[in-house]
Amino acid sequence: MSYTILQVRKGKEQSIFRKHPWIFSGALFTDTKEIEDGEIVEVQDYKGRFLALGHFQNATIAVRILSFDEEKIDKSFFQKKIRQALDSRIKIGLLSTENTIFRVCHGEGDGLPGLVIDFYNGVAVVQCHSIGMHRSLPEISSALQKAFGKDLIAIYSKSADTLPKRLETADAYIFGTCETPHEALENGVKYKIDWVLGQKTGFFIDQRDNRLLLGNYSKGKKVLNTFCYSGGFSLQALLQGAKLVHSLDSSKKAIEMTEEHVSLNKFGKKHASITADAMDYMKELKEDYDIIVLDPPAFAKHREKRHQAIQGYKRLNAHAIRQIKPGGIIFTFSCSQVVDKQLFTHTIIAAAIETGRTVRILAQLHQGPDHPINAYHPEGEYLKGLVIQVD
Ligand code: SAH
């Protein structure tokens, strides 16, 4: 099969030799006016030598590389990649009688840039971040059906918010159907997942291991879970014997979801929810919590907003550090891609200094293993967390 050829400027092949999966538009030598968004292209160096195959898009990231080998990007290519991705999750025990929620494919981390697939007890929710992946949906759908076999009830495509508006894509089932919300399990906790109305694909799967760790610390403790969304941290704390858990979110819908999950798991007596702005609540904290979770949405999605975001993280964390009980523990997170691990740690240290209290870092946390980081694409590390203890 022959693909449209795209040449890169002299010297711009270096990042491709290092297996970085993105080619920026400024690196291209070929005029791309005639190339359609989402087309598969063959990338060559300035001398016409093969470098890679990828999805083209008329955007800053012009090519997302699918392969560094000369091969066909067809049904069997997607079958091989999706099978590999699923096998790696099964190997580490993510599909079990206790756990039926996991990410099957994490874009660059699984060699499929632009493609996210989450699995909720029989249903795959596909989110495309590139037009190429959207065009490849028939191959992706058939690869998923083959990999899961009878364990797959439905595939829902949810890319209207992640693709350019001009495509006018609608979210829809592309295989089977399933009523929402749909029950699924994360480490023994039952959830009702709604990929149609919920944020992202319906659930924040990347916090699974961090919820479990919080659970380990929670026996007999009074816990405040801010930015709770569907209540993941609260439920794991309750499952592992917390004395009392308060869940806080500014969204009424999030609180309703959390409460539904609390009653679904029969933890009602030890739980209360608070609909409020987290910053306001933390500023005036009147309760004495043993543990506080701070998991805000990305304060900065772009570099220009980074400074503002840092101020936000610092303020929020300073309130928590100032107010927590002596010996209390804070689980604090940032999912802003433009705030790296070091900058986040420095921000928390700055917040601690501001309060004058003694703070120790007990653990450094990150996204779960079903959100792997491609070693040649360190930008893939987005979720950072710290467990700190305040004396
Ligand atoms: N911790 C959650 C995921 C958090 S998503 C989990 O484990 O699933 C971020 C949440 O922050 C959303 O539910 C959103 O409604 C909430 N949020 C955003 N701004 C807020 C604010 N100022 N105060 C409280 N909650 C806020």
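Start at 1 and go down the list; that is how both ligands and their atoms are numbered.
- Note on residues 156-171: pairs passing salt bridge (charged side-chain N to carboxylate O under 4.0 Å, His left out), not counting sequence neighbours, are Asp37-Arg166.
- Considering only residues two or more places apart in sequence or on other chains, His129 meets the ring-ring contact (aromatic ring centres under 6.0 Å, His included) condition with none of them.
- Every atom of ligand 1 with a heavy atom of Ser251 under 4.0 Å away is listed here by number and element: 15 (O).
- When atom types are taken as modelled, the side chain of Asn317 and the backbone of Ile348 share no donor-acceptor pair closer than 3.5 angstrom.
- Side-chain rings of His366 and Tyr382 stay apart, their centers remaining 6.0 Å or farther from each other.
- Among protein heavy atoms, the minimum distance from atom 1 (N) of ligand 1 is reached at Asp295 OD2, 2.7 Å.
- Among protein heavy atoms, the minimum distance from atom 2 (C) of ligand 1 is reached at Phe227 O, 3.3 Å.
- Considering backbone and side-chain N/O atoms, Asp249 comes within less than 3.5 Å of an N/O atom of ligand 1.
- Note: no N/O pair closer than 3.5 Å links Ser230 and ligand 1 by distance alone.
- Of the N or O atoms in Gly232, none lie within a sub-3.5 Å distance of an N or O in ligand 1.
- Using a 4.0 Å cut-off between heavy atoms, Met279 makes no contact with ligand 1 at all.
- Of all atoms in ligand 1, numbered sequentially from 1 with element shown, those under 4.0 Å from a heavy atom of Tyr229 are 2 (C), 3 (C), 4 (C), 8 (O), 13 (O).
- Residue Phe204 approaches ligand 1 through these ligand atoms, each under 4.0 Å from one of its heavy atoms: 3 (C), 5 (S), 8 (O).
- Residues His261 and Tyr191 place their aromatic rings such that the two centres sit under 6.0 Å apart.
- The shell of residues lying under 4.0 angstrom from ligand 1, judged by heavy atoms, includes Ala276.
- When each atom of ligand 1 is checked for a heavy atom of Gln199 under 4.0 Å away, the hits are 12 (C), 13 (O).
- Considering backbone and side-chain N/O atoms, Thr226 never comes within less than 3.5 Å of an N/O atom of ligand 1.
- Between Tyr229 and Phe203, a ring centre-to-centre spacing not shorter than 6.0 Å is recorded.
- Residues Thr32 and Leu6 are in side-chain contact: their nearest non-hydrogen atoms beyond the backbone lie under 4.5 Å apart.
- Judged by the 6.0 Å distance and 45° axis criteria, Lys19 is positioned over the aromatic ring of Phe68.
- Any N or O atom pair closer than 3.5 Å counts here, and Arg211 shares at least one such pair with ligand 1.
- Relative to atom 9 (C) of ligand 1, the option among Gly231, Cys228, Pro297 with the closest non-hydrogen atom is Pro297.
- In terms of polar-atom proximity, Ser250 is counted as a contact of ligand 1, with an N or O under 3.5 Å from an N or O of the ligand.
- Without hydrogens or angle criteria, Lys12 side chain to Gly26 main chain gives no donor-acceptor distance under 3.5 Å.
- The single protein non-hydrogen atom nearest to atom 23 (N) of ligand 1 is Ala278 N, 2.9 Å, given as residue, atom name and distance.
- Atom 22 (N) of ligand 1 has as its closest protein heavy atom Asp277 OD1, 2.9 Å.
- Aromatic rings from Phe233 and Phe333 are positioned such that their centres are separated by under 6.0 Å.
- Annotation: Tyr46 is not in aromatic contact with Phe29 [ring centroid separation under 6.0 Å not met].
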